[in-house]
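Structure, as C-alpha cells:
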Number of protein chains: 4
Amino acid sequence: MGKVDIKKQQKKEALLNAAYDLFTTKGIHKTSISDIVEQAGMAKGTFYLYFSDKYDIRKKLITHKASQIFRKAMTDLKEEQTDNLEDCILFIVNHVIDQLDADKSLLNFISKNLSWGIFKSAMISKPADDEVDFYAFYIELFEASEKKYQNPEVLVYMIVEFVNATSHSSILYNEPVPIDELKPFMYESIRRMIRSMEM
Amino acid sequence: MGKVDIKKQQKKEALLNAAYDLFTTKGIHKTSISDIVEQAGMAKGTFYLYFSDKYDIRKKLITHKASQIFRKAMTDLKEEQTDNLEDCILFIVNHVIDQLDADKSLLNFISKNLSWGIFKSAMISKPADDEVDFYAFYIELFEASEKKYQNPEVLVYMIVEFVNATSHSSILYNEPVPIDELKPFMYESIRRMIRSMEM
Amino acid sequence: MGKVDIKKQQKKEALLNAAYDLFTTKGIHKTSISDIVEQAGMAKGTFYLYFSDKYDIRKKLITHKASQIFRKAMTDLKEEQTDNLEDCILFIVNHVIDQLDADKSLLNFISKNLSWGIFKSAMISKPADDEVDFYAFYIELFEASEKKYQNPEVLVYMIVEFVNATSHSSILYNEPVPIDELKPFMYESIRRMIRSMEM
Amino acid sequence: MGKVDIKKQQKKEALLNAAYDLFTTKGIHKTSISDIVEQAGMAKGTFYLYFSDKYDIRKKLITHKASQIFRKAMTDLKEEQTDNLEDCILFIVNHVIDQLDADKSLLNFISKNLSWGIFKSAMISKPADDEVDFYAFYIELFEASEKKYQNPEVLVYMIVEFVNATSHSSILYNEPVPIDELKPFMYESIRRMIRSMEM
DNA sequence: TATGAATGAGGGTTCATTCAT
DNA sequence: CATGAATGAACCCTCATTCAT
C-alpha cells in the first residue's frame with residue numbers, strides 16, 4: 001500500500017470514529033455531516049469522497065461493530081472446550097450480552113439500527129483484514145453437532161431477534177427487571193427454543 | 001361536552017389521523033408539521049394548540065394503535081371458551097400477528113416505534129371512551145390460571161419483544177422465511193417459554 | 001384587498017425589484033437567492049413563499065418588462081395619427097429601440113432572456129392592473145390595414161427577432177456600427193420585409 | 001511536431017470533444033469540470049494545463065464549430081457555378097440552416113452562445129490546419145460582385161443575426177411555424193435586405 | 001507533465017416555531 | 001381559538017481550484 005493509500009485509510013477511519021462517537025452520544029438524526037467532519041478534523045467535502053451520505057456511514061458502522069462483537073465472542077469460545085451446540089450458543093449469547101452491558105452506547109446504537117438484513121451481511125462479510133470468518137464458523141458448529149435441527153437459519157434468527165429485543169430495555173432502563181435478573185429466564189427460554197427445533 | 005369542546009376534539013382527531021397517514025406512508029422523518037396540518041386541513045399554528053411537537057403526536061398514536069390491537073384481540077378471545085392460560089396467550093399472539101400481517105403499514109409503524117415503556121403505558125391507559133381494560137384483563141388471566149408463574153411481567157415482556165422483533169422482517173420482507181412458515185416455530189417457542197416459567 | 005394582501009404584494013414587488021437590480025448588474029448566474037433577499041431586506045425563507053426558484057422570478061420579470069416596453073410604445077402610438085400599418089410598425093420598433101438604448105441594462109436583460117415563447121405569453125397576458133391590451137391592439141392593427149398580409153404572425157416573429165438580435169451588439173458595443181448608424185439600414189430592411197409579405 | 005507535442009494536442013482535443021458532448025447534452029451550467037475530465041479520461045488538474053476555465057473552453061468551441069459550418073458551406077458553394085452575390089449569400093444561408101436543422105444540439109449550442117464578436121473572430125481566425133480562409137473568400141465575393149453595396153459589414157451583420165435569431169425557435173420548437181414553412185419568407189426577406197443596400 | 005485528494009466557501013432548500021391579526 | 005406570513009438557523013451537497021506527489 002502506497003503512502004497515499006495509507007493516508008486515505010486513515011481519513012476514512014477518522015470519519016468512522018467521529019461518526020460513531022456522535023451517533024452514540026447525540027443520535028443519528030441530531031448528528032449532521034458538519035458535526036462529523038468537524039470532529040474528524042477535516043473539510044466538509046472530504047466526507048463525500050468516502051461516503052455517499054449519513055446512512056451510508058451508519059450502515060458501514062453497524063456492520064463493522066456487529067461483526068466485531070460476534071468475532072470477539074467466537075474467539076473466546078474457541079478457547080473453551082465445548083462441543084455441545086446448546087452450550088456454544090449460550091456461551092455466545094452471554095458473551096454478547098456482557099459486551100453490550102459493558103458498553104451501553106454500543107448497545108443503544110446496535111439495537112436501534114440492527115436489522116436482520118444487515119446482520120446477515122455483517123456475518124457473511126469477510127474483509128481482507130479480518131482473520132476469522134464468523135459465518136463459516138457458525139455453519140461448522142451446526143454441522144459438527146450430533147443433534148440436527150429443522151431450520152438452523154430460523155433458529156438463529158429467532159435467537160438473535162429475541163436477545164436483541166429483550167436486552168435493550170433491561171440493560172438501559174432496568175425494565176422490567178435488571179439484566180442480571182433477566183438472564184436466567186432468557187437463557188432458559190433460549191435453551192427450550194433450541195430444543196424445540198431438534199429433529 | 002359543549003359545542004366548543006366537540007369541535008376541539010374533532011380538530012385533534014383530524015390531526016391524529018393525518019399524522020398517522022403520513023407517518024405510515026412517508027415515515028416520520030420525512031413528514032413535516034406542514035404536511036400534517038395541510039392534510040388535516042387547518043393552519044400551521046393550530047397544531048401547536050394541541051401537540052407540542054412531532055414526537056408528542058407520535059407517542060400518542062403508538063399508544064392508541066397498540067392498545068387498539070390488543071383490545072381487539074382481547075374482545076375476540078372472550079368469545080372463545082378457553083380457560084388455559086397458554087392457549088389464551090397464543091390466541092392473542094396469533095390474533096395480533098394476523099392484524100399486523102393484514103396492515104403492513106401499521107406493523108411498520110408499531111415495530112419501529114414500540115418500546116416496552118410505551119407498551120406498558122398503552123396497556124395501563126384507560127381512556128374514558130374505552131370500555132374494556134386490557135391490563136385488568138391480563139392480570140385476571142394470570143390469577144384465574146391454575147398454574148402459577150415465577151414472574152408474569154417478565155414472561156409478558158419476553159413474549160411481546162419476541163413477537164414484535166421476529167414478525168417484522170418476516171412479514172415485510174419474507175426474511176428469513178414468510179410469516180406462515182415462521183409461525184409454527186414461533187408458537188412452539190412461545191409455549192416452551194411459558195412452560196419454562198411455571199412454578 | 002385586506003391589509004395583509006397589501007403587505008404580501010409589497011413583499012413580492014420588493015423581491016422582483018431586488019432580483020431585477022441584481023440580474024442586470026451581476027447577471028443571473030452570479031446572483032444567488034441570498035443576494036436577492038438581502039437586497040430586498042427580508043429572510044431567505046420568504047423568497048420561497050413567492051417564487052419557486054431563480055428561474056421562476058426571471059420568467060416573471062421578463063414577461064413584465066417586455067410587456068411594459070410594448071405597452072409604452074403602443075400608448076404613444078395612439079397619440080400619433082398614423083393609419084398606415086408599415087408606419088405603425090416602424091414607429092413601435094423605433095420606440096422600443098429608443099427605450100432599450102436609454103436603458104442598457106434593460107436591453108441586456110431582455111435580449112439575453114427573451115424567447116419567442118416568452119414574448120408571446122408577455123403579449124397575451126392581460127393582468128388585471130394593466131389597462132391596455134397589446135395583443136388585441138396588434139390584431140386590430142392588421143385588421144384595420146388596407147393591405148393584407150400572408151402570415152402576420154410570421155411577419156411579427158421575424159421583425160421581433162431581427163430587432164432584438166441586431167440592436168444588442170450595436171447599442172452595447174457599437175459593433176459593427178453604432179445604433180444611430182444602423183437604424184436606417186434596419187428600418188429600410190424592415191419596410192421591405194413587410195412589403196415582401198403583402199398579399 | 002515532437003511526440004510530446006502530439007500527445008498534448010490529443011489531450012486538448014479529447015477535452016474539447018468531451019466538453020462539446022456535455023455542453024450540448026446537459027447544457028453548460030450543468031456541466032462541471034469534473035464531468036469534462038471524467039469523460040475525457042484524465043485527471044482534474046490536467047484540465048487547468050490547457051484551459052483556464054469552463055468559459056474559455058466554450059469560447060474555443062464556438063469559434064471552432066461556427067467556422068466549421070461556414071467553411072463547409074463555402075466549400076460546397078465553390079462547386080456551384082454562381083457568380084451572382086445574392087444567390088451566393090442565399091446558398092450559404094440555406095446551407096447553414098440545413099446543417100443546423102440536421103444537428104439540433106449544434107444549433108442549440110451555437111445560437112445560445114454566438115455573439116457578433118465571437119462570429120467575427122471565428123471568421124478571421126486562420127488556424128494552421130485549415131486550408132481555406134472564409135473571411136478572405138467573403139471579401140473577394142463582394143469585390144467580384146458587379147453590384148456594389150453601401151456597407152457590406154452591416155449587411156452581413158444583419159443577415160447573420162437575422163438567420164441565427166429566427167431559425168432557433170422554428171427549428172427546435174416549430175414555433176411560430178416549422179423551418180420549411182419559414183424558409184420562403186426568410187429568404188425573400190434576405191433578398192430584399194440585400195437589395196436595400198445596393199448602391 | 002500529470003495526478004487526484006483535499007479543500008471550504010457558498011449554493012439551494014426546508015421547516016419548526018413565533019406572533020400579529 | 002385559529003390563522004398563516006414571516007423568520008432564519010441549519011441542513012445537505014457541489015465544485016472550482018490548489019498542490020504535494
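Treat the numbers as computed from the prediction; the structure is a model and nothing was measured. Quick note on labels: first sequence line is chain A, next is B, and so on, each numbered from 1.
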Quick one: label [X] by what it contacts on the DNA or RNA (base, sugar-phosphate, nothing), any heavy atom closer than 4.0 Å.
X: Ser32(D); value: sugar-phosphate
X: Lys7(B); value: nothing
X: Tyr48(D); value: base

key: Residue whose nearest DNA chain E nucleotide is more 5′ - Lys54(C) or Asp53(B)   = Lys54(C)
key: Residue closer to the 5' end of DNA chain E, Met42(A) versus Thr31(B) (nearest nucleotide)   = Met42(A)
inquiry  = Of the listed nucleotides (dG8(F), dA5(F), dG8(E)), which one gets closest to any side-chain atom of Ala43(C)?
reply    = dG8(F)
task = Could you pull out the closest heavy-atom pair between Ile33(B) and Lys54(B), with the gap in Å?
result = CD1-N, 4.2 Å
Measure [atom1]/[X] against [atom2]/[N] and give the value in whole Å, please.
X: Ile57(B); N: dA16(E); atom1: CD1; atom2: P; answer: 12 Å
X: Tyr55(C); N: dG11(E); atom1: OH; atom2: C1'; answer: 11 Å
X: Gln9(D); N: dT1(E); atom1: CD; atom2: C1'; answer: 16 Å
X: Lys30(C); N: dG12(E); atom1: NZ; atom2: P; answer: 14 Å
X: Phe47(D); N: dT18(F); atom1: CZ; atom2: P; answer: 13 Å
X: Glu38(B); N: dT3(F); atom1: CD; atom2: P; answer: 14 Å
X: Lys8(A); N: dA20(F); atom1: NZ; atom2: P; answer: 19 Å
X: Lys3(A); N: dA5(E); atom1: NZ; atom2: C1'; answer: 16 Å

Would you say [X] reaches [N]'s phosphate, i.e. side-chain N/O to OP1/OP2 under 4.0 Å?
X: Thr46(D); N: dT3(E); result: yes
X: Lys11(C); N: dA5(F); result: no
X: Tyr50(D); N: dA2(E); result: yes
X: Lys44(D); N: dT3(E); result: no

key: Row check, Tyr50(B) ring normal vs Lys11(B) NZ/CZ: under 6.0 Å, within 45°   = no
Could you identify the nucleotide paired to [N], looking across every strand shown and requiring Watson-Crick or G-U wobble geometry with both distances under 3.5 Å?
N: dA20(E); result: dT3(F)
N: dA9(F); result: dT14(E)
N: dG8(E); result: dC15(F)

Between [X] and [Y], how do the two ring planes meet: parallel, tilted or perpendicular, split at 30° and 60°?
X: Phe109(B); Y: Tyr20(B); value: perpendicular
X: Tyr173(D); Y: His168(D); value: perpendicular
X: Phe51(B); Y: Phe47(B); value: tilted

ask   = Hey, are the side chains of Thr24(A) and Leu106(A) touching, using non-hydrogen atoms and a 4.5 Å cut-off?
value = no
ask   = Which residue lies toward the 5' end of DNA chain F, Gly45(B) or Val4(A), if each is placed at its nearest nucleotide?
value = Gly45(B)
ask   = On DNA chain F, nearest-nucleotide positions of Ile33(A) versus His29(D): which is more 5'?
value = Ile33(A)
